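Report on one structure; see the data block that follows.
As the structure is a prediction and not an experimental result, all values here were calculated from the model.
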Amino acid sequence: MKKCFDCKKYIKLQKSKIKERIKMFDKLYLEFGGKLIDDYHAARVLPGFEPDIKIKLLQEFKKDAEVVLCINANDIEENKIRHDRMISYQSEIFRLIEYFRSKEITINNVVITLYNNQQGVQGFVNKLKDYNVKSYIHTFTLGYPTDVETIVSDRGYGANPYIETTKPLVVVSAPGACSGKLATCLSQLYHEYKKGVKAGYAKFETFPVWDLPLKHPVNIAYEAATADIDDKNMIDYFHLEKYGVTAVNYNRDLEVFPILKNILYKISSKEIYNSPTDMGVNVIGKCITDNEYACKCANDEIIRRYFKSLVDFKKGLVSCEVPKKIKLLMNELNLDENSRLVVKKANDKLNSSHFPSASIMIGKKIVCGRQTELLSPVSSTIINAIKYLTKIPDNVYLLSPSVLDGIFRLKKNTSYKTSYCLNLQEVLIALS
């Protein structure tokens with residue numbers, strides 16, 4: 001597989017960068033944004049990037065690091081779902097705990113943020129006890145975001161219980177966005193300074209890539225991926241004014257930075273950071289080895305996100321504004337649906353066969369399939385792909401008529417649909 005990202009270089013540079021930041025403080029609270037494991041967005045945009053690279057990085061620090069996980073109490077009450085895995089945020093917390101422990105990474109604490117007597121929280125706390133994980137309840141911070149005097153006081157951050165940590169590096173992560181990671185870090189800093197510990201804060205965010213251009217496809221792919229939460233890439237004007245250097249950040253970090261800077265100064269009596277970019281430790285931009293190929297992959301990902309948003313809209317998972325936003329991003333890069341070759345081939349198949357069609361790229365070969373009385377477009381494509389990979393002649397049937405007969409009888413007896421063609425899951429079962 002062609003690659004445009006150097007993982008070995010990334011581990012080396014990232015480890016060094018984090019070590020530099022740890023040396024600035026007695027203890028470092030490092031907010032981990034994005035996905036800790038299964039970062040398939042980064043793997044698609046930057047082939048060569050390993051989806052679990054952050055875990056491999058953490059293993060380099062496992063003697064000196066521990067993880068604290070955050071979850072918003074509202075997400076517990078609403079049973080919020082991670083759409084990439086179709087599991088709840090609660091289930092993701094337990095999956096992460098098990099995964100960290102399998103990799104010998106310390107995880108003993110979970111923080112439930114923005115608590116206000118939401119239903120389901122106590123049951124979640126009870127289950128954490130079964131995992132031998134201590135839970136902490138944090139409520140909304142009094143005075144936030146304008147009254148810094150109240151925020152940095154015993155009535156503000158001081159009202160939250162102190163999370164017992166023992167390692168010099170504390171990684172604060174979550175199953176998704178808006179889980180309270182930053183507030184948890186700042187609350188801990190307040191308590192640490194009261195204890196005489198000179199703790200610090202830093203942020204480890206994979207995207208946007210600060211040292212790539214604002215309109216680089218890799219950064220625009222991040223906007224497409226976060227269109228549902230309305231993230232927008234922007235020039236870090238704090239960084240530009242202070243250093244005369246153009247850096248890319250995103251709107252939420254830029255909006256909150258003046259408040260964050262004041263809070264950090266109130267806690268530590270020092271001005272540590274002059275810009276949101278200063279807070280970051282990511283070196284991902286230095287590890288891109290083939291910019292042209294990275295641009296191509298990012299463009300493909302933007303188009304993929306566009307189609308996914310259309311599906312999500314039809315399912316009622318997002319508003320109609322999300323595909324519109326991604327379409328505008330495509331226009332900025334002069335992309336349309338057919339700019340991705342597999343889309344063009346599927347459309348060509350549709351136009352020639354007059355049936356819904358699909359296609360898949362295998363190496364440099366594109367394999368197509370159309371809907372038949374027996375198979376859905378995707379099922380047909382996968383059957384054709386299997387034949388291509390195994391060099392089975394096209395006239396050979398892969399599915400046994402005796403197996404199919406039982407499946408069709410079951411579908412007719414249990415389905416209200418008039419079409420009984422097999423979806424991909426059913427085809428894979430039949431093949432097995």
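A distance-only check finds no donor-acceptor pair linking the side chain of H216 to the backbone of N291 [under 3.5 Å]. Using a distance-only test at 3.5 Å, with no hydrogens or angles considered, no donor-acceptor pair links the side chain of D26 to the main chain of V197. Under a 3.5 Å cut-off, the side chain of S187 and the backbone N or O of A183 do not form any donor-acceptor pair. At least one donor-acceptor pair closer than 3.5 Å links the side chain of T289 to the backbone N or O of C4. In this structure, the side chain of R370 does not engage the main chain of F355 through any donor-acceptor pair within 3.5 Å. Formation of a donor-acceptor pair under 3.5 Å by the Y273 side chain with backbone atoms of Y201 is found in this model. Remark: the backbone N or O of P213 is paired with a side-chain donor or acceptor of N219 at under 3.5 angstrom. Of the possible polar contacts, one joining the E426 side chain to the N423 backbone as a donor-acceptor pair under 3.5 Å is found. Remark: side-chain polar atoms of N282 are paired, donor with acceptor, to backbone N or O of E205 under 3.5 angstrom. Here the side chain of T226 pairs no donor or acceptor atom with the backbone of I229 at under 3.5 angstrom.
With sequence neighbours left out, the side chain to side chain contact (heavy atoms under 4.5 Å, CB included) criterion links D228 to V318, V322. For Y193, the side chain to side chain contact (heavy atoms under 4.5 Å, CB included) test picks out K198, I267, S268, with sequence neighbours left out. Looking at residues two or more places apart in sequence or on another chain, you find a ring-ring contact (aromatic ring centres under 6.0 Å, His included) between F32 and F204. Contacts of Y131 classified as ring-ring contact (aromatic ring centres under 6.0 Å, His included), with partners at least two apart in sequence or in another chain: F94. Partners of S88 by side chain to side chain contact (heavy atoms under 4.5 Å, CB included), not counting sequence neighbours, listed by chain and number: N79, I81, Q90, S91. Remark: Y115 engages no residue in a ring-ring contact (aromatic ring centres under 6.0 Å, His included) (not counting sequence neighbours). Judged as a side chain to side chain contact (heavy atoms under 4.5 Å, CB included), and not counting sequence neighbours, the contacts of E104 are K62. Taking F5 as the reference, Y10, F49 meet the ring-ring contact (aromatic ring centres under 6.0 Å, His included) condition, with sequence neighbours excluded.
The number of heavy-atom neighbours closer than 6.0 Å to NZ of K167, taken from other residues, nucleotides and ligands shown, is above 12. For K215, the NZ atom is densely surrounded, since the number of other residues' heavy atoms within 6.0 Å is greater than 12. By the neighbour-count criterion of 12 heavy atoms within 6.0 Å, atom CG of N331 is densely surrounded, having more than that number from other residues, nucleotides or ligands.
The side chain to side chain donor-acceptor pair (under 3.5 Å) contacts involving residues 348-366 comprise K344-D348, where partners must be two or more places apart or lie in separate chains. Listed by first and then second residue, the side chain to side chain donor-acceptor pair (under 3.5 Å) pairs that reach into residues 34-52 are D38-R85, D38-R95, H41-E301, H41-R305, R44-E301, E50-K56, sequence neighbours excluded. Sorted by first and then second residue, the side chain to side chain donor-acceptor pair (under 3.5 Å) pairs with a member in residues 315-330 read D230-K325, K327-E337; sequence neighbours excluded.
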Checking K232 against E223 for the salt bridge (charged side-chain N to carboxylate O under 4.0 Å, His left out) test, could you report, in this order, the C-alpha distance in whole Å, the side-chain angles of both residues, the deciding distance, and whether it holds?
CA-CA 6 Å; K232 293 182 179 67; E223 278 197 62; over 6 Å; no
Using the rule given for side chain to side chain donor-acceptor pair (under 3.5 Å), can you reason through N74 versus Q118, listing the C-alpha separation, both sets of side-chain angles and the distance that settles it, and then say yes or no?
CA-CA 7 Å; N74 294 315; Q118 288 92 338; 2.9 Å; yes
Check against side chain to side chain donor-acceptor pair (under 3.5 Å), D336 and S339:
CA-CA 5 Å; D336 61 28; S339 298; 3.2 Å; yes
Apply side chain to side chain donor-acceptor pair (under 3.5 Å) to the pair Y222 and D231, showing each step before the final yes or no.
CA-CA 9 Å; Y222 167 76; D231 274 0; 2.7 Å; yes
Could you go through the side chain to side chain donor-acceptor pair (under 3.5 Å) check for T277 and D236 one step at a time?
CA-CA 7 Å; T277 302; D236 184 346; 2.6 Å; yes
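Here K203 pairs with D253 in a salt bridge; the nearest charged N to carboxylate O distance falls below 4.0 Å. In summary, D290 and K3 do not engage in a salt bridge, as defined by a charged side-chain N under 4.0 Å from a carboxylate O. Ion pairing between a basic and an acidic side chain is recognised when a charged N comes within 4.0 Å of a carboxylate O; K27 and E192 show such pairing.
Atom-to-atom distance recorded for L69:CG and N108:CG is 10.5 Å, nearest 0.5 angstrom. Here L212 contributes atom CG and I288 contributes atom CD1; the two are 4.5 Å apart, rounded to the nearest 0.5 Å.
A donor and an acceptor atom, one from each side chain of N274 and Y243, are located under 3.5 Å apart.
Between F140 and Y144, the ring planes are perpendicular. Angles over 60° get that label, and only those under 30° would be called parallel.
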Under 3.5 Å, which donor-acceptor pairs do the side chains of residues 254-266 form with other protein atoms, sequence neighbours left out?
{"residue": "N262", "atom": "ND2", "partner": "P258", "partner atom": "O", "Å": "3.4"}
{"residue": "K266", "atom": "NZ", "partner": "E149", "partner atom": "OE1", "Å": "3.1"}
{"residue": "K266", "atom": "NZ", "partner": "E149", "partner atom": "OE2", "Å": "3.0"}

